[in-house]
Amino acid sequence: MPRCGLKKTPAGGPKWKSGLPAGYRKHPSQTAREEDSSKETARTPSEKTKSPKTEERHSEGNSEKTYGPVGEKYLSGGAEDESKTVVKETPDAETENDKIRDSQNPKDEETDSGDRRRGSSRSSSARSQRNTNTASMCKPNKQAIRRSAEQCLRISLQKAMSNVVRISQEDRSDTSKIYNPIIDSIAEEIKKTAKNEGESDIFQFQRLNSGSYFERLKVDTTDEYDIMFCIYGKVVEDLELAEMEPSLGMVAVKLPENNKSSLRNYVTPDGFLSPQKLLNRFRGLVEEAVSTLKRAEADSPFKGLGIELEEQKDGCPAVTLMVSKEEIQISIDLVLALELPKPWPQCTKGWKDGVKHWLTQPEIRAVKRTALHTVAKSAPDDTDPAGVLWRLSFSQTEKDLFTGHILNPTDNGNHATTCRKDCLRCMKYIKLQSMLLEVIGPDCGFASYHLKTALLHAIANRPDGWQKENLVTCLVYVIDELVSFIDERHLPHFFIPGYNLFNPAVFKGQEHLDIVKEQYLRVRRQLIQGRLPQTLNVPSRRSSTRGTKQNSQTT
């Protein structure tokens, strides 16, 4: 017989109600109300419960797939508790459905005694169902207990992080009064010198702030600042890129023949801009500006300050100033950069495919409108014999992501509504503590940029579910993603998919990665057990760690 809906209610049988099928419950309170009701809800044959595979096919046909950051497996080892909320049918209920189908067959001869027998069977099934529901209500709700424990752990973790990651307004005010006048004065002195020497067209810098301090991601004291002095404007509008080493994030910059700017003084015989020549010139200008300001009178911003230039390190694109005043010691990295003409180079084309479940098309276009830069960072050994390769820099794009609404949406009170930045702060603090305890050394090669990249991939893979209340589960998920990248020794650059940040040619700390992995796995195990990891158990009052450049490099 076809299994269709009821046309006529059998004698002694229940009427169909809309809602969940019989044997299922939404909430214990609803089940209790149903027990007191005189009418029992039955399930029609046409409303058979769908199997998980059938549900999945229906959901895929009607709506897009939802990409959540984590499942129950990260804290409970599976979803078995959710399945326990579903009360399965008893054999009596199946018998009841069979007899209802028999009652719909016009060829069957039903008698009054048969109706009474079916009524008796249904009563027995209802009693069995009520007993099952009552027993289920009496059991402790393990899922609720687990969520309560997770909430307590989240609150403890957020309190601990607030002791190290929130830079007070007083700290910001004190340090900004020191570094802002210094940077502005150096930039003005460089412009004066360049004008006198006929190079004012290229050394009219655009100042760009970058780094974790300006992204509000510091987990240390505010003692390091990254400032880009960017060559921009007409002199760079017609630059040509040659993607010689896209797998290393490096490009060569060629100066066209019709470009008669002062950049012509810094090209190789092949017509490519030499990053080392420009960097040496930039460093000379900074040294001259510092010397001039030191000799200035009382109105100099250097009055009462100790300021020294660090020696230039091989392959480093920055000129580093060490500034001290009483107990405050800070470092300022001045980085020479070139603004590149649009569009972005070919090696970045694949990144849009990785964010299609996260960013909308207007958001992708907004990201690509951000200016792209190159910095004078040396290429790995034996990959740049001509000395013409520049490192692509996405620092301004990343800054816009971490400070803007795309990655860090806020409410009306300007408070973050997601835990994404908190996850990165926690990951960075674990790294900081591991280095302070000398578990891993400062020369291991593992940097905060690797953590930032892992987080961006984690968000792109599962963009939903990053609410503040999900901090613990999301942190466990990000750790799992990082461990996976370490195991595979493959961490793709977020904007250059073909560039592996763990490539042995650019990452020299291969032997340290397993040690790094173990530090994060230890934190993961403690989070799974519902304990605040000792690494993240920060006292309410922290002592200042200002004073050394080495400490600031760990963040």
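Nothing fancy with the numbering, it's 1 onward along the sequence. A quick note: this is a predicted structure, and the numbers were derived from the prediction, not measured.
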Inset, instruction - Could you tell me whether a side-chain N or O of Arg522 sits under 3.5 Å from a main-chain N or O of Pro533, the two making a donor and an acceptor? - result: no

Legend entry - Minimum side-chain heavy-atom gap Met427-Ile479 below 4.5 Å: yes

Inset, instruction - Using atom types as modelled and distance alone, determine if a side-chain donor or acceptor of Trp358 lies under 3.5 Å from a backbone N or O of Gly354. - result: no

Legend entry - Salt bridge present between Lys192 and Glu188 (N-O < 4.0 angstrom): no

Legend entry - Glu518/Arg525 ion pair, N-O < 4.0 Å: yes

Inset, instruction - Please assess Gln396 against Asp400 for the test side chain to side chain donor-acceptor pair (under 3.5 Å), listing each intermediate value before the final yes or no. - result: CA-CA 6 Å; Gln396 294 304 301; Asp400 289 349; over 6 Å; no

Inset, instruction - With the side chain counted from C-beta on, respond yes when Pro275 and Leu389 share a heavy-atom pair under 4.5 Å apart, and no when they do not. - result: no

Inset, instruction - Please find out if less than 6.0 Å separates the ring center of Phe394 from that of His493. - result: yes

Legend entry - Distance, nearest 0.5 Å, that separates CD of Glu339 from CD1 of Ile231: 11.0 Å

Legend entry - Side-chain donor or acceptor of Ser262 paired with backbone N/O of Gly198 under 3.5 Å: yes

Inset, instruction - Would you indicate whether the side-chain heavy atoms of Phe402 and Lys421 approach each other to under 4.5 Å? - result: yes

Legend entry - Ring centre gap for Trp390 and Phe272 strictly below 6.0 Å: no

Legend entry - Exercise: do Ser261 and Asp201 side chains pair donor with acceptor under 3.5 Å: no

Legend entry - Validation row: Phe495, Leu392 side chains within 4.5 angstrom (heavy atoms): no

Legend entry - Min side-chain heavy-atom separation Phe485-Leu501 under 4.5 Å: no

Atom pairs and distances, side-chain donor-acceptor, residues 243-252, under 3.5 Å, sequence neighbours left out:
residue : atom : partner : partner atom : Å
Glu243  : OE1  : Cys347  : N            : 3.0
Glu243  : OE2  : Gln346  : N            : 2.7

Legend entry - For Phe507, the option from His512, His490, His450 that meets ring pair (Phe, Tyr, Trp, His ring centres under 6.0 Å): His450

Could you list the donor-acceptor pairs under 3.5 angstrom formed between side-chain atoms of residues 363-374 and any protein atom two or more places apart in sequence or on another chain?
residue : atom : partner : partner atom : Å
Glu363  : OE1  : Thr360  : N            : 3.0
Glu363  : OE1  : Thr360  : OG1          : 3.4
Thr370  : OG1  : Val367  : O            : 3.0

Inset, instruction - Find out whether Phe282 and Phe205 are in side-chain contact, i.e. whether some heavy atom of one side chain is under 4.5 Å from a heavy atom of the other. - result: yes

Legend entry - Salt-bridge present (Asp514, Arg489; N to O < 4.0 Å): yes

Give the table of side-chain donor-acceptor pairs shorter than 3.5 Å for residues 453-460, with sequence neighbours excluded, one pair per line with atom names and distance.
residue : atom : partner : partner atom : Å
Thr453  : OG1  : Tyr449  : O            : 2.8
His457  : NE2  : Pro492  : O            : 2.7

Inset, instruction - Please determine if Arg462 and Glu481 form a salt bridge, counting it only when a charged side-chain N lies under 4.0 Å from a carboxylate O. - result: no

Inset, instruction - Could you check if a side-chain atom of Gln526 sits within less than 4.5 angstrom of a side-chain atom of Leu532, using non-hydrogen atoms only? - result: no

Legend entry - Side-chain heavy-atom pair Phe229, Val319 within 4.5 angstrom cut-off: no

